[in-house]
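Here's the structure, in structure tokens; my notes come after.
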Amino acid sequence: MTTRILTGITTTGTPHLGNYAGAIRPAILASRNADTDSFYFLADYHALIKCDDPARIQRSRLEIAATWLACGLDVNKATFYRQSDIPEIPELTWLLTCVAGKGLLNRAHAYKASVDKNVEAGEDPDAGVTMGLFSYPVLMAADILMFNAHKVPVGRDQIQHVEMARDIGQRFNHLFGQGRELFTLPEAVVEADVATLPGLDGRKMSKSYDNTIPLFGSAKQLKDAVARIVTDSRLPGEAKDPDASHLFTLYQAFATPADLATFRADLLAGLGWGEAKQRLFELLDAELGEARERYHALIEKPADLEDILLAGAEKARRIATPFLGELREAVGLRTFRAQVQAGATDKKKAAKTARFVSFREDDGSFRFRLLDAAGEQLLLSKGFADGKAAGQASKRLQSGESLDLREQGQSFGLWLDDECVARSPEFADAESRESAIQRLRDALGA
Ligand code: TRP
């Protein structure tokens with residue numbers, strides 16, 4: 001079975017080396033597995049929650065898109081898109097909002113942290129808290145559930161959000177699934193063996209600490225950043241402790257085991273920090289040099305990036321659009337057509353006498369019945385996998401096109417395009433069967 005992996009990247013910043021080693025590189029590697037189907041997207045609706053600077057949002061979307069492509073994401077295999085290009089996501093967000101407990105969202109870490117801060121400062125608990133921040137986990141649940149992801153690779157701070165997506169999906173299944181799993185329940189995966197890189201000062205590399213190494217700056221910028229890595233004051237010739245050095249940890253994230261062993265031995269033997277930094281720079285430059293060129297070429301052709309992302313959105317919507325149709329059916333946002341006999345042309349009388357009734361089976365399939373004026377069943381359809389297909393079939397029966405009815409024993413089947421889509425009940429004798437066929441033809445004007 002293929003595993004669907006999905007993750008979103010909030011578009012508020014410029015990717016740095018820590019993002020690359022911790023998220024981008026492992027995600028791209030995972031997307032190449034034959035038995036995985038990956039969905040990676042720019043979470044630009046999420047970005048709006050945190051950032052009200054339009055220029056920065058726009059810049060970051062472009063940079064992040066270019067970064068993933070430059071690093072080798074194959075958009076023919078993975079599905080790569082912008083969240084804001086999928087209108088089904090905000091629509092699903094609303095369906096989920098209607099089942100998500102407010103109490104559940106009250107417990108979200110990000111919201112609670114804001115409240116705690118306000119309380120501490122003697123402010124109103126909700127001061128400065130937008131509905132966007134409060135509902136953040138619901139939007140994220142829609143991202144995940146829309147594509148029925150099995151696995152969601154995230155950082156530790158996001159595990160709770162994935163669990164909330166599970167809770168909300170489960171509740172929706174329970175309320176509307178009629179025993180069927182409408183949504184796959186996702187699982188957070190936090191890669192244990194993926195590097196969390198230290199920044200220049202040894203703390204976790206993060207924009208908020210201002211200790212990052214840019215991913216696709218120029219070679220000179222990379223060199224300057226490496227030069228600013230904090231080391232101890234041991235002089236060349238003095239033994240260095242690799243395990244106490246975050247410069248070594250950075251090296252480790254990119255080196256082959258053999259190179260790493262050499263580097264370790266050389267540090268122990270007194271390699272100077274200046275020389276060590278030069279080696280780290282060369283290692284990084286070798287890993288990133290080509291991708292850096294691809295990145296700058298892409299950034300210079302934003303219209304091409306736009307086309308790639310729009311194609312990705314189209315691919316994603318081939319899944320999202322029909323699935324949302326099913327979900328709308330499930331909650332009761334259904335077309336009136338399948339429910340009510342449609343009287344085409346001269347079938348005024350028929351309109352009063354026969355009717356279609358659609359319903360949902362326990363196994364989740366969609367069926368309809370055609371009842372005659374007396375409420376007697378003339379036809380029962382097969383189970384359709386989705387409500388739309390069932391609706392289309394019943395619509396065709398009402399379109400006045402000639403009916404392909406095939407007798408079988410004391411019953412008959414109704415065929416559309418070489419497929420039997422509905423059957424009559426078993427009648428007592430041929431005469432009752434013929435009379436039912438006549439009522440059917442009258443009802444459908446065919
Ligand atoms: N909230 C995530 C973050 O800040 C980004 C994100 C949005 C996401 N939607 C998602 C991650 C869906 C995984 C799945 O990192």
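In this text the structure is predicted, and so the values were computed from the model without any measurement. All ligand and atom numbering here is 1-based and tracks the order in the structure.
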Any ion pair linking [Y] and [X] (charged N to carboxylate O, less than 4.0 Å)?
X	Y	result
R203	D201	yes
D243	R264	yes
K240	D266	no

Q: Using distance alone, with no hydrogens and no angle criterion, decide if D44 and S84 have a side-chain donor and acceptor under 3.5 Å apart.
A: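 There is such a pair between these side chains.
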Mind checking whether [X] contacts ligand 1 via backbone (N, CA, C, O), side chain (CB onward), both or neither, at a 4.0 Å heavy-atom cut-off?
X	result
L139	neither
F147	neither
V154	side chain

May I ask you to check if ligand 1 and [X] share an N or O to N or O distance below 3.5 Å?
X	result
T7	no
H161	no
Q158	yes

Q) So is R279 actually on top of Y251's ring, under 6.0 Å and inside 45° of the axis? A)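 Output no; distance or angle outside limits.
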Q | Whether F147 and Y81 hold their rings parallel, tilted or perpendicular, with breakpoints at 30° and 60° | A |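 Answer is tilted, since the angle falls between 30° and 60°.
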Q. Mind checking whether F183 and F323 have parallel, tilted or perpendicular rings, split at 30° and 60°?
A.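 Rings of F183 and F323: perpendicular, as their planes differ by over 60°.
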Q: Provide, to 0.1 Å, the distance between atom 9 (N) of ligand 1 and the closest protein heavy atom, together with that atom's residue and name.
A: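 Looking only at protein heavy atoms, the one closest to atom 9 (N) of ligand 1 is D143 OD2, 2.7 Å.
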Q) When you measure from atom 11 (C) of ligand 1 to every protein heavy atom, which one gives the shortest distance, and what is it? A)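 So the nearest neighbour among protein heavy atoms is G8 N, 3.4 Å.
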Per-atom contacts of ligand 1 with [X], taking only distances under 4.0 Å to non-hydrogen atoms:
X	value
Y136	1 (N), 2 (C), 3 (C), 4 (O)
V152	13 (C), 14 (C)
I144	12 (C), 14 (C)
A43	7 (C)

Q | OG-CG distance between S394 and L379, expressed to the nearest 0.5 angstrom | A |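 So the OG of S394 and the CG of L379 are separated by 11.0 Å.
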